[in-house]
Asks: 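This is the structure, below, for whatever I ask next.
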Number of protein chains: 2
Amino acid sequence: MASTCTSWSPLPCGFRRRWLVLKPMQQGALHAFFQRNPYPGIATRERLARELDIPVFRIQVWFQNQCTRQLRQS
Amino acid sequence: MASTCTSWSPLPCGFRRRWLVLKPMQQGALHAFFQRNPYPGIATRERLARELDIPVFRIQVWFQNQCTRQLRQS
DNA sequence: TTATAATATAATGAC
DNA sequence: GTCATTATATTATT
């Protein structure tokens with residue numbers, strides 16, 4: 001396995017990134033896109049990051065969380 | 001899906017801690033700080049706790065309540 | 001009654 | 001899956 005510090009995570013191990021709440025407009029855009037494509041490739045994630053002004057790794061985390069939480073709806 | 005009693009609440013469920021009224025000086029300091037930073041990290045909360053002589057979890061509760069009070073004025 | 005301290009839980013960001 | 005932080009609803013006390 002790779003080290004616990006993956007390439008897309010700029011923070012050193014053991015430090016938790018500052019909690020940032022997404023703005024409603026950003027959330028709306030992400031939800032809308034997720035409905036169309038839950039598994040965007042790196043190019044798409046980078047485009048979303050530019051358009052919404054969110055770091056790429058946050059986009060990645062958001063889609064990961066969204067996938068797992070979509071599944072436990074029952 | 002947080003657990004019932006989260007980490008910032010050291011009392012077991014069903015037990016209510018004693019009501020504590022903040023002194024005017026403590027309230028003033030909290031309000032002043034809140035204006036600068038409504039979401040202090042754990043290190044900052046611990047510093048405030050030391051300086052104002054208030055337990056850390058009460059600091060946390062005050063900031064949470066202050067956020068909702070702020071929102072209700074609109 | 002109003003203000004606010006305190007409890008509990010849901011939603012969600014980060015890991 | 002797990003933990004941490006924020007948001008919100010509610011209860012209780014001064």
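Below, each value reflects all heavy atoms present in this structure, side chains not excepted, and no hydrogens, waters or symmetry copies.
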Asks: With nearest nucleotide decided by heavy atoms, which residue, B:Arg45 or A:Thr68, maps closer to the 5′ end of DNA chain D?
Replies: A:Thr68

Asks: How many angstroms lie between CD1 in A:Ile59 and CZ in A:Phe57, if you round to the nearest 0.5 Å?
Replies: 10.5 Å

Asks: Looking only at N and O atoms, is any donor in the side chain of A:Arg18 or the base of C:dG13 less than 3.5 Å from an acceptor on the other one?
Replies: no

Asks: For a quick test of reading the model: is some side-chain N or O of B:Trp62 closer than 4.0 Å to OP1 or OP2 of C:dA5?
Replies: yes

Asks: Could you tell me the separation between the NE2 atom of A:His31 and the C1' atom of C:dA11, rounded to a whole number of Å?
Replies: 10 Å

Asks: What is the distance, rounded to the nearest whole Å, between atom CD of B:Gln60 and atom C1' of D:dA7?
Replies: 12 Å

Asks: Quick one: B:Phe34 CZ to C:dT4 C1', roughly how many Å, whole number?
Replies: 14 Å

Asks: According to a strict under-4.0 Å criterion, is B:Tyr39 in side-chain N/O contact with OP1 or OP2 of C:dG13?
Replies: no

Asks: Rounded to the nearest angstrom, tell me the gap between atom CD1 in B:Ile59 and atom P in C:dT4.
Replies: 16 Å

Asks: Taking distance alone, no hydrogens or angles, what donor-acceptor pairs closer than 3.5 Å link side-chain atoms of residues 25-44 of chain B to residues at least two apart or in another chain?
Replies:
unit_1, atom_1, unit_2, atom_2, d
B:Gln26, OE1, B:Lys23, N, 2.8
B:Gln26, NE2, B:Leu52, O, 2.9
B:His31, ND1, B:Gln27, O, 3.1
B:Asn37, OD1, B:Tyr39, N, 3.1

Asks: Just how far, in rounded Å, is C1' of D:dA7 from CD of B:Gln70?
Replies: 14 Å

Asks: As an exercise, state the distance from CD of B:Glu46 to CZ of B:Arg50, rounded to the nearest 0.5 Å.
Replies: 7.0 Å

Asks: Pick base, sugar-phosphate or nothing for A:Leu22, based on heavy-atom distances below 4.0 Å to the nucleic acid.
Replies: sugar-phosphate

Asks: Going through the distances and angles, do B:Arg72 and B:Arg69 end up as a side chain to side chain contact (heavy atoms under 4.5 Å, CB included)?
Replies: CA-CA 5 Å; B:Arg72 276 184 176 166; B:Arg69 285 192 282 266; 5.8 Å; no

Asks: Between C:dT4, C:dT7, D:dA7, spot the one nearest the side chain of B:Arg69, thanks.
Replies: C:dT4

Asks: Taking the nucleotide of DNA chain D with the closest heavy atom to each, which residue, B:Gly41 or B:Asn65, is nearer the 5' end?
Replies: B:Gly41

Asks: I'd like to know if B:Glu51 pairs up with B:Arg47 as an ion pair, taking the criterion as any Lys NZ or Arg NE/NH1/NH2 lying under 4.0 Å from an Asp or Glu carboxylate oxygen.
Replies: yes

Asks: Which protein N or O atoms sit under 3.5 Å from an N or O of nucleotides 12-14 of chain D?
Replies:
unit_1, atom_1, unit_2, atom_2, d
D:dA12, O4', B:Arg16, NH1, 3.2

Asks: Please determine, for the side chain of B:Gln27, which listed nucleotide (D:dA7, D:dC3, C:dA5) has the closest atom?
Replies: C:dA5

Asks: Which whole-number value in Å describes the distance from B:Gln64 CD to C:dA8 P?
Replies: 13 Å

Asks: Taking CZ from B:Phe57 and C1' from C:dA5, how many angstroms apart are they, rounded to a whole number?
Replies: 11 Å

Asks: Minimum heavy-atom separation for A:Asn65 to A:Thr68, with atom names?
Replies: O-OG1, 3.0 Å

Asks: Look at the side-chain heavy atoms of Ile, Leu, Val, Met, Phe, Trp and Tyr, link any pair under 4.5 Å apart, and say whether B:Phe63 and B:Leu22 land in one connected group.
Replies: yes

Asks: Stem list for DNA chain C, please, built from Watson-Crick and G-U wobble pairs under 3.5 Å and keeping only runs of at least 3.
Replies: C:3-15 with D:1-13

Asks: Rounded to the nearest angstrom, tell me the gap between atom CD in B:Gln26 and atom C1' in C:dT4.
Replies: 15 Å

